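Note that this is a predicted model, so its numbers are computed, not measured.
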Amino acid sequence: MSKIWDISQLLRPGLPVWPGDSTFETNAKWVLDSDCPVNVGQFQLSTHSGTHADAPLHYDPMGLAIADVDLDIYIGPCVLIDAICAKGQVEPEDIADQLPNRVERVLLRTYAAFPHDHWVEKFTSVAPATIDLIASRGARLIGIDSPSLDPQTSKTLDAHHAAHRCSLAILEGLVLDGVPPGNYELIAPPLKLKQLDASPVRALLRSI
Ligand SMILES: N[C@@H](CC(=O)c1ccccc1NC=O)C(=O)O
Ligand SMILES: [Zn+2]
Ligand SMILES: [Zn+2]
């Protein structure tokens, strides 16, 4: 029997978001009572809320929108690598020992404990050389538990552009607490959002 790990953040009011970005809000459009047979909610959120997939359109005006990306990248074998010891940026030497020679998808864990209730300004990002290394092993997707591949203060998004050059899809904001490093099946397709730059995902790992 395979085990499933839910590696998604809980979307709720109070969810920490990128400084200045839209907060996650909910509202009851209809409320079930003697006059109304159903509950119907509504919610408002940033495309980069919680656990999400970036589309190339996020950092390239000519890039694909999230509705148009190849879905099979988000489903299939992956390796989860422990990079908790990395300081500032995940450098190639932080993961070299754990990175298989051939790999399809790579997930990096940087938090010892995921910060569910507050925004961490100095999260761990990924060195562009690490992106190149992962891509050189055949990967088509990189995922990370921090909110971005690049530092919060970056204006050039070098790691995002490196990923784009290498045709690597990007997942961010994964919750990897309690998941042992190793091989899994990833299931994390984005929503089919026309002309948008990213999408929340329900990200799952299945043991193999
Ligand atoms: N690059 C980040 C997000 C990002 O940069 C961002 C997200 C929301 C609002 C503003 C952002 N960047 C502004 O410079 C990411 O990949 O999710
Ligand atoms: Zn993003
Ligand atoms: Zn990103």
Side-chain angles (χ1 to χ4, degrees), residues 4-11 18 47-56 58-59 64 66 69-84 86 89-92 94-95 98-100 102-116 120 123-151 157 159-191 197-208:
I4 292 208
W5 276 269
D6 184 352
I7 56 169
S8 322
Q9 294 181 55
L10 183 66
L11 297 176
W18 193 275
T47 47
H48 296 265
S49 302
T51 308
H52 68 276
D54 284 354
H58 177 48
Y59 42 82
L64 286 182
I66 200 69
V69 298
D70 208 352
L71 274 189
D72 66 5
I73 298 179
Y74 298 93
I75 303 169
C78 73
V79 62
L80 170 56
I81 290 180
D82 182 336
I84 295 171
Q89 292 201 313
V90 181
E91 300 288 347
D94 294 318
I95 64 164
Q98 297 174 74
L99 192 64
R102 296 305 295 170
V103 66
E104 291 186 51
R105 298 166 189 80
V106 175
L107 307 185
L108 301 175
R109 179 175 176 189
T110 68
Y111 290 120
F114 189 90
H116 287 281
V120 172
F123 55 79
T124 303
S125 54
V126 182
T130 306
I131 306 276
D132 292 339
L133 173 65
I134 287 170
S136 75
R137 302 286 172 92
R140 300 156 64 216
L141 177 144
I142 180 170
I144 193 161
D145 51 2
S146 67
S148 182
L149 294 183
D150 282 290
L157 297 184
H160 283 77
H161 286 289
H164 194 29
R165 249 190 339 268
C166 299
S167 301
L168 275 185
I170 301 170
L171 291 174
E172 295 163 328
L174 301 168
V175 181
L176 299 169
D177 293 19
V179 189
N183 294 299
Y184 298 90
E185 180 189 8
L186 172 74
I187 304 152
L191 298 177
D197 56 285
S199 167
V201 300
R202 184 70 180 259
L204 307 175
L205 290 178
R206 187 152 49 189
S207 59
I208 48 176

Does a side-chain heavy-atom distance below 4.5 Å link Thr130 with Ile142?
no

Spatial distance of atom CD1 (Ile75) from atom CD (Glu104) [nearest 0.5 Å]
12.5 Å

Atom CD1 in Ile95, atom CZ in Arg137: separation rounded to 0.5 Å?
8.0 Å

Nearest heavy-atom approach of Leu64 to Ala55 is O-CB, 3.4 Å

Taking ring-ring contact (aromatic ring centres under 6.0 Å, His included) as the definition, give me every residue that meets it alongside His48, ordered by chain and number, with sequence neighbours left out.
His52, His58

Please name the pair of heavy atoms, one in Pro190 and one in Val201, separated by the smallest distance, quoted to 0.1 Å.
CA-CG1, 3.6 Å

Before giving the answer on side chain to side chain contact (heavy atoms under 4.5 Å, CB included), spell out for Ile134 and Val126 the whole-Å C-alpha distance, their side-chain angles and the decisive distance to 0.1 Å.
CA-CA 11 Å; Ile134 287 170; Val126 182; 5.6 Å; no

Heavy-atom pair of closest approach, residues Val106 and Ala139
CG2-CB, 4.3 Å

Answer whether the closest heavy-atom distance between the side chains of Thr51 and Ile7 falls below 4.5 Å.
no

Please round to the nearest 0.5 Å and tell me the distance separating atom CH2 of Trp18 and atom OG of Ser49.
13.0 Å

Is there a side-chain contact between Asp54 and Glu172 in this structure, where contact means two heavy atoms from C-beta onward sitting under 4.5 Å apart?
yes

Main chain of Asp82, side chain of Gln98: is a donor-acceptor contact present, judged purely on distance under 3.5 Å?
yes

Take the angle between the ring planes of His161 and Tyr59 and call it parallel below 30°, perpendicular above 60°, tilted in between.
perpendicular

Taking it one step at a time, do Ile131 and Arg165 satisfy side chain to side chain contact (heavy atoms under 4.5 Å, CB included)?
CA-CA 10 Å; Ile131 306 276; Arg165 249 190 339 268; over 6 Å; no

Quick one: does any side-chain atom of Arg109 pair with a main-chain N or O of Tyr111 as donor and acceptor, under 3.5 Å?
yes

What are the two closest heavy atoms between Ile66 and Ala198, and how far apart are they?
CG2-O, 3.7 Å

CG (Leu174) and OG1 (Thr110) are apart, to the nearest 0.5 Å, by 10.0 Å

Within the side chain of Gln9, is there an N or O that forms a donor-acceptor pair under 3.5 Å with the backbone of Gly173?
yes

Within the side chain of Arg202, is there an N or O that forms a donor-acceptor pair under 3.5 Å with the backbone of Ser8?
no

By salt bridge (Lys or Arg N to Asp or Glu O under 4.0 Å), which residues pair with Asp177, not counting sequence neighbours?
none

Validation row: Leu108, Asp94 side chains within 4.5 angstrom (heavy atoms)
no

Keeping Arg105 on the side-chain end and Leu186 on the backbone end, is there a donor-acceptor pair under 3.5 Å?
no

Would you mind reporting whether Leu141 and Tyr74 have side-chain heavy atoms less than 4.5 Å apart?
yes

Nearest 0.5 Å please: distance from the CZ atom of Arg140 over to the SG atom of Cys166.
14.0 Å

Under 3.5 Å side-chain donor-acceptor pair for Asp150 and Ser148
no

All heavy atoms of Ile144 vs all of Thr124, minimum pair found to be CD1-O, 4.0 Å

How about Ile187 and Pro189: do any of their side-chain heavy atoms sit closer than 4.5 Å?
yes

Heavy-atom pair of closest approach, residues Ala163 and Leu149:
CB-CD1, 4.2 Å

